[in-house]
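Heavy atoms only: backbone and side chains are in, while hydrogens, waters and symmetry mates are out. The structure presented is a predicted model; accordingly, all values stated were derived computationally and were not measured. For this chain, numbers begin at 1 and follow the sequence in order.
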Amino acid sequence: METISIDYTKLIKIILKKQINREVIMGNKKILETETSSVDISIVLGFIATKDLNTTEKKVSVLSQLGYNNQQMAIICGTSAGVIKSVKSLMKKKS
C-alpha cells in the first residue's frame with residue numbers, strides 16, 4: 001500500500017479565514033481597518049478531490065474534468081498557472 005503525504009498546513013491556510021489589518025489615516029486620526037477574506041469552497045473541494053493523487057498530471061486530469069480553470073488548479077496543486085498550462089499541453093500531446 002502506497003503512503004500518501006498531504007500538506008495539511010496549506011489546506012488549513014485556505015480553509016481558515018485570513019484577517020488583514022491595516023492602518024488608514026483619515027484626517028488627523030489613524031483608524032485600524034479589519035478585512036476578512038472569505039473561503040473559496042471550490043478550492044477546498046478541489047483539494048479533497050485530489051488528496052490521494054501524487055502527481056500534478058493526475059491532479060490536473062481530475063480537476064480539468066471537474067471544470068477548474070488553470071489558476072484554480074495552480075492553487076490546488078501548489079504551483080503556477082504556467083506549469084498547469086504546460087502539463088495540459090503534455091497531456092494533450094500524449095493522447
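A distance-only check finds a donor-acceptor pair linking the side chain of Gln72 to the backbone of Asn69 [under 3.5 Å]. Listed for the Thr50 side chain is no donor-acceptor partner under 3.5 Å among the backbone atoms of Leu53. Judged by distance alone, the side chain of Ser61 and the main-chain N or O of Glu57 form no donor-acceptor pair under 3.5 Å.
Closest approach of Ile76 and Gly46 over heavy atoms only: CD1-CA, 3.6 Å. Residues Ala81 and Ala74 approach most closely at N-CB, 3.6 Å, considering heavy atoms.
The distance from the CE atom of Met91 to the OG atom of Ser86 is 12.5 Å, given to the nearest 0.5 Å. Here the CD1 atom belonging to Ile84 is positioned 9.5 Å from the CD atom belonging to Gln71, to the nearest 0.5 angstrom.
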Next item on the list: Give the intermediate values and the outcome of side chain to side chain contact (heavy atoms under 4.5 Å, CB included) for residues Val87 and Met73.
Entry: CA-CA 11 Å; Val87 169; Met73 285 188 245; over 6 Å; no
Item checked: Trace of the side chain to side chain contact (heavy atoms under 4.5 Å, CB included) decision for Leu45 with Ser42 -> CA-CA 5 Å; Leu45 292 174; Ser42 66; 5.5 Å; no
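In this structure, Val60 is not a member of the same hydrophobic cluster as Leu90, with clusters built from ILVMFWY side-chain heavy atoms closer than 4.5 Å.
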